[in-house]
Amino acid sequence: MEKMDWDTLELACRSCTQCGLCATRHNVVFGVGNREAKLLFVGEGPGEQEDLQGIPFVGPAGKLLDDMLSIIDLTREDCYIANIVKCRPPRNRDPQQEEQAMCFPYLDNQIDLLDPKIIVCLGRIAAQKLIAPDFRITSQHGHWLYRQDRWYMAMYHPSALLRDVYKRPETFDDLLSLREKLRELGMRKD
Ligand code: URA
């Protein structure tokens, strides 16, 4: 796919019919946040609320993501938020490899336009696509990887934290580590 500017990319994405997910979607969930931000969060794919509203992370997991951001004094205006697939997989199943592959050029183009210094993967699916195919979220969350001029880290997906509160302390540590990295890179003043 040829690289596009934001508006052209968003238009192309919103009318995409490249995989079967387009048949059941209500809205394409392109991404939200600050297009000048150097911090990118990547989730897995839209859930029910996201599909209905066309905005990432607006359901229960999204509320928790907002709380997680606020723990380190971040808001959606300090970052950009996108997903591996832009259309909701039916019944929130994992997006299939082929769906991920068809959709990836949109995220890749978003990454190109943003040129983030930090990419935080939310959950296994995003980490396996962006960090390593064999990424193990339970043992590798919170680890930093520097590759091609940017830093990568994965955290538990907020949905996992809703299901299992015992994962929350580890995520708190990962958030503090993110705050430290932002400081280290001169991306925050405190
Ligand atoms: N889960 C995700 O991975 N992304 C969303 O946008 C919402 C829930």
Side-chain angles (χ1 to χ4, degrees), residues 6 9-10 13-14 16 19-22 24-35 37 39-71 74-111 114 116 118-133 135-138 140-142 152-165 167-168 170-171 174-175 178:
W6 277 111
L9 181 67
E10 183 162 0
C13 188
R14 290 201 181 282
C16 182
C19 83
L21 296 181
C22 69
T24 46
R25 76 175 176 225
H26 292 94
N27 284 291
V28 170
V29 179
F30 178 68
V32 74
N34 185 344
R35 292 178 176 182
L39 170 62
L40 169 65
F41 288 89
V42 181
E44 175 179 324
E48 184 183 21
Q49 280 307 312
E50 291 77 18
D51 174 58
L52 291 173
Q53 298 183 43
I55 304 168
F57 285 100
V58 285
K63 300 274 170 298
L64 183 56
L65 178 61
D66 287 337
D67 290 346
M68 289 161 64
L69 294 178
S70 76
I71 286 173
L74 293 177
T75 70
R76 289 184 178 221
E77 263 313 289
D78 299 311
C79 56
Y80 193 83
I81 303 174
N83 281 305
I84 295 290
V85 295
K86 312 301 195 203
C87 297
R88 183 192 183 198
R91 295 175 307 283
N92 297 347
R93 63 159 170 75
D94 286 354
Q96 294 162 357
Q97 287 300 336
E98 198 191 330
E99 293 159 351
Q100 293 186 38
M102 297 302 273
C103 210
F104 190 70
Y106 295 119
L107 179 62
D108 198 38
N109 200 147
Q110 287 173 308
I111 293 173
L114 281 167
I118 300 177
I119 298 183
V120 177
C121 299
L122 297 169
R124 172 182 58 88
I125 299 279
Q128 291 187 340
K129 192 77 190 160
L130 292 173
I131 300 178
F135 193 91
R136 295 181 64 90
I137 192 80
T138 41
Q140 291 177 276
H141 70 85
Y152 293 81
M153 189 254 263
M155 290 184 196
Y156 283 117
H157 192 287
S159 301
L161 301 172
L162 287 174
R163 285 191 301 269
D164 181 359
V165 294
K167 290 190 166 81
R168 292 190 186 193
E170 294 169 75
T171 303
D174 294 347
L175 286 165
L178 171 59

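When a ligand or atom number is given, it counts from 1 through the structure's own listing order. The first residue in the sequence is number 1, and the count goes up from there. In this text, all values refer to a predicted model and were calculated from it rather than measured experimentally.
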Discussion item. Taking non-hydrogen atoms within less than 4.0 Å of ligand 1, which protein residues qualify?
Written reply: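 Correct list: Gly43, Glu44, Gly45, Glu50, Pro56, Phe57, Asn83, His157.
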Worksheet item: Looking at side-chain heavy atoms only, is the closest gap between Tyr80 and Asn34 below 4.5 Å?
Response: no
Fill in: Cationic N near anionic O, under 4.0 Å, Asp164 to Lys167
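Yes, this pair counts.
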Fill in: side chain to side chain donor-acceptor pair (under 3.5 Å) against Glu170, all qualifying residues, sequence neighbours excluded
His141
For residues 120-131, dump all side-chain donor-acceptor pairs below 3.5 Å to protein atoms at least two apart in sequence or in another chain.
unit_1, atom_1, unit_2, atom_2, d
Arg124, NH2, Asp94, OD2, 2.9
Gln128, NE2, Phe135, O, 3.0

Worksheet entry | Partners meeting side-chain contact (heavy atoms from CB on, under 4.5 Å) with Leu162 (sequence neighbours left out) | Pro60, Ala61, Leu64, Arg168
Discussion item. Minimum heavy-atom separation for Asp51 and Pro46, please, with both atom names.
Written reply: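 So the minimum-distance heavy-atom pair works out to N-CB, 4.2 Å.
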